[in-house]
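Written below as structure tokens is the structure these notes are about.
All values derive from a computational prediction rather than experimental measurement.
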Amino acid sequence: MSQRVDEVRFELPDPWRRKILPDRNRHRPAAAPTIRQEDVDTAQETISPLIPQARRMVAASPSPVRDADPASPLGVAAMTLAMLSAARADWTTRGKLQQTLPQLWLAQMSLPPAVSCAAGLAGLCLEEDVEQMIVRPAGTGDTSQAWAVSWTWAAEALRTPVAACEDATHEQVVEVLTSYASAEPLQRLVAAYLAPERGDWAQAALEGADPLPVMALAVPHTGDQLLGLLDRVPSYSVGGTGFTNLVTAVDRIGADALPTLKALLDDDPDAAEARNYYSLIAELPSDEALDLLIEHIDDPRAGASILTATDRRPGPALDLLARRASAGRGTAELLAARVRSDRDLAAEVADRLPAGAAARIREVLAEGDHPDADPSQLPALLISPPWAGKRSRKTQTVIEGLKAPDDTRLDWLPGEQEEWLTVPNYQRGHNPRPGSAGSNSPIRCWPATECGGTSSCCSSTPPRNYCGHCWAV
């Protein structure tokens with residue numbers, strides 16, 4: 001029996017490959033991304049009003065943060081975290097910082113120091129000190145830092161420049177990352193994330209911190225490492241913002257990623273996530289992956305993936321379908337379709353199957369070929385479907401004299417704006433956060449009533465400095 005080349009070779013197709021994070025080997029970019037002067041200018045404009053408060057925060061911080069050279073990677077990382085804190089709940093400003101600061105770093109320093117800044121940022125955290133926040137080195141016990149987005153963006157922004165840089169520059173980058181590969185847990189994660197070819201760093205990078213950010217999904221080199229992360233990253237992000245990281249790991253690990261994908265399906269994902277998981281399983285070159293798809297043949301979210309997988313591996317598909325044909329109508333119908341599509345292959349497969357499974361294939365073979373129906377006996381809808389011919393374009397109706405307003409106006413009911421400005425929630429207004437300028441209350445987690453007591457920081461002892469449901473520093 002001839003075997004198709006792509007039955008045993010694992011390579012994700014182009015639609016999936018576009019989701020894979022770049023690396024130095026299989027997915028190396030053709031050229032390094034261009035530094036946009038517009039982003040550099042935006043970064044400088046955004047940090048300008050934040051610098052005075054950030055400097056005060058760093059000056060009040062403990063050594064070695066306080067004593068770091070402002071131009072050193074540690075000094076830059078400390079100022080970056082301080083500026084993010086100074087921006088408070090101004091998400092527009094925080095978004096600009098995260099989007100443009102890596103461009104500013106690359107414009108003002110070479111790639112290796114910029115990588116050191118990103119790794120250094122992962123080793124810092126914020127702490128309340130009397131009347132202001134300070135920056136200090138993060139310890140092993142600072143696991144709540146893993147939930148923050150105050151550092152992952154930097155490593156994610158540098159992944160492509162590191163993958164695309166010259167070999168000599170990359171050697172310098174790896175030399176820098178080597179010192180972080182044995183540092184604090186989240187710094188080890190950054191090192192393994194930015195040097196994915198270093199499989200020997202992966203295991204250490206996934207130890208020590210719990211929970212982990214979703215970028216950790218891009219680090220594993222084995223199926224066991226990937227499966228072990230599912231309980232340690234935010235589950236709601238795996239199929240959403242973390243999906244690119246998951247695809248990157250599956251591309252590297254191949255068929256050994258099947259237990260992880262099966263576990264994700266068992267976790268009751270929504271329809272879009274389930275279709276993505278099924279589609280990835282359909283690409284895995286193993287009988288176990290194909291059998292798992294056939295097992296879910298009654299799940300409408302799996303339909304397209306099952307057809308893709310059985311088309312790619314027709315021999316194993318016939319084998320597995322014949323063994324399962326008695327399990328349900330869907331399996332029997334798909335078996336019959338596969339037999340009719342390649343009768344010679346079906347006969348070869350039947351010769352090596354147990355008697356019961358072989359009989360199911362031979363029963364379909366015995367039916368013979370069905371001749372094409374006489375068009376005169378078919379409904380007109382099947383012979384000349386209306387969507388197959390040309391359609392006449394209808395003239396659009398235009399109402400003369402209508403004009404759009406020149407400006408947009410927001411109207412408030414009497415007293416409504418004043419009422420909203422006093423509501424203690426940043427999502428409903430821009431009133432001062434507790435502890436900020438214009439507020440006399442100290443910085444603390446909001447009472448549990450603000451988030452219904454569901455946030456772990458509301459009930460922690462001692463209370464944390466922020467509540468993910470109320471305020472974010």
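- If you check the side chains of Tyr236 and Thr241, you find no donor sitting under 3.5 Å from an acceptor.
- Looking only at side-chain heavy atoms (C-beta outward), Asn276 and Trp16 come within less than 4.5 Å of each other.
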| field | Evaluation steps, side-chain contact (heavy atoms from CB on, under 4.5 Å), between Glu283 and Val250 | value | CA-CA 10 Å; Glu283 302 297 335; Val250 172; over 6 Å; no

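- Taking a cutoff of 4.0 Å between a charged side-chain nitrogen and a carboxylate oxygen, Asp266 and Lys262 qualify as a salt bridge.
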| How far apart are the C-alpha atoms of Phe243 and Leu280, what are their side-chain angles, what is the distance that settles it, and do they pass the side-chain contact (heavy atoms from CB on, under 4.5 Å) test? | CA-CA 11 Å; Phe243 190 63; Leu280 280 175; 4.0 Å; yes

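- Glu416 CD: more than 12 foreign heavy atoms inside a 6.0 Å radius.
- A distance-only check finds no donor-acceptor pair linking the side chain of Arg301 to the backbone of Tyr278 [under 3.5 Å].
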| CA sep, side-chain torsions, deciding dist, call: Val58, Ile134, side-chain contact (heavy atoms from CB on, under 4.5 Å) | CA-CA 6 Å; Val58 173; Ile134 62 171; over 6 Å; no

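- Checked for salt-bridge contact, Glu127 and Arg136 meet the test: a charged N lies under 4.0 Å from a carboxylate O.
- Put simply, the side chain of Ser61 gets close to the backbone of Met57: a donor and an acceptor are under 3.5 Å apart.
- The 12-atom threshold is not exceeded at CG of Asp268, counting heavy atoms of other residues, nucleotides or ligands nearer than 6.0 Å.
- The closest donor-acceptor contact from the side chain of Arg26 to the backbone of Asp251 lies under 3.5 Å.
- Contact check for Trp105 versus Pro113: no side-chain heavy atoms found under the 4.5 Å cut-off.
- Between Glu171 and Val174 there is no side-chain heavy-atom pair separated by less than 4.5 Å.
- Atom CG in Leu321 sits 7.0 Å away from atom OG1 in Thr310 (nearest 0.5 Å).
- Atom SG of residue Cys125 and atom CG of residue Leu81 lie 8.0 Å apart, to the nearest 0.5 angstrom.
- Among all heavy-atom pairs drawn from Ala155 and Val190, the shortest one is CB-CG1, 4.1 Å.
- Counting only distance, with no hydrogens or angles, the side chain of Arg275 and the backbone of Gly303 share no donor-acceptor pair below 3.5 Å.
- Looking at heavy atoms from C-beta onward, Leu74 lies out of side-chain contact with Met79 at the 4.5 angstrom threshold.
- With contacts defined as side-chain heavy-atom distances shorter than 4.5 Å, the pair Gln172/Leu111 does not qualify.
- Between Trp153 and Leu101, some side-chain heavy-atom pair lies under the 4.5 Å cut-off.
- In this structure, OG1 in Thr46 is found 11.5 Å from CD in Gln98, a value given to the nearest 0.5 Å.
- A side-chain donor-acceptor contact under 3.5 Å links Arg232 to the backbone of Leu206.
- Screening His221, Arg188, Gln225 for a side chain to side chain donor-acceptor pair (under 3.5 Å) with Gln203, the sole residue that qualifies is Gln225.
- A donor-acceptor pair is defined here as one N or O able to donate and one able to accept, closer than 3.5 Å; no such pair exists between the side chain of Gln187 and the backbone of Tyr180.
- With respect to Lys96 and Asp39, no salt bridge is recorded, no charged nitrogen being found less than 4.0 Å from a carboxylate O.
- Looking at heavy atoms from C-beta onward, Thr93 lies in side-chain contact with Leu50 at the 4.5 angstrom threshold.
- Around atom CD of Gln37, more than 12 heavy atoms belonging to other residues, nucleotides or ligands sit under 6.0 Å away.
- Asp231 CG: 12 or fewer foreign heavy atoms inside a 6.0 Å radius.
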| field | Audit row: Lys19, Asp14, salt bridge (charged side-chain N to carboxylate O under 4.0 Å, His left out) steps and yes/no | value | CA-CA 9 Å; Lys19 295 181 180 294; Asp14 287 343; over 6 Å; no

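- In the displayed structure, Gln44 atom CD is contacted under 6.0 Å by more than 12 heavy atoms of other residues, nucleotides or ligands.
- Proximity of a side-chain donor or acceptor of Ser48 to a complementary backbone N or O of Glu45 within less than 3.5 Å is not detected.
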| When you look at Asp23 and Arg159, which way does the salt bridge (charged side-chain N to carboxylate O under 4.0 Å, His left out) test go after all the steps? | CA-CA 8 Å; Asp23 58 38; Arg159 172 95 178 209; 5.2 Å; no

| Check against side-chain contact (heavy atoms from CB on, under 4.5 Å), Leu212 and Leu186 | CA-CA 8 Å; Leu212 287 169; Leu186 297 180; 4.1 Å; yes

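- The number of heavy-atom neighbours closer than 6.0 Å to CD1 of Ile399, taken from other residues, nucleotides and ligands shown, is 12 or below.
- With rounding to the nearest 0.5 angstrom, the CD1 atom of Ile306 is 9.0 Å from the CG atom of Leu290.
- A distance of 8.5 Å separates OH of Tyr277 from CG of Leu261, quoted to the nearest 0.5 Å.
- Within the 4.5 Å cutoff, side-chain heavy atoms of Leu307 are placed close to those of Leu334.
- Gln103 places a side-chain N or O within 3.5 Å of a backbone atom of Arg36 that can act as its donor or acceptor partner.
- A distance of 10.0 Å separates CD of Glu156 from CG of Leu194, quoted to the nearest 0.5 Å.
- Using a distance-only test at 3.5 Å, with no hydrogens or angles considered, no donor-acceptor pair links the side chain of Ser63 to the main chain of Arg66.
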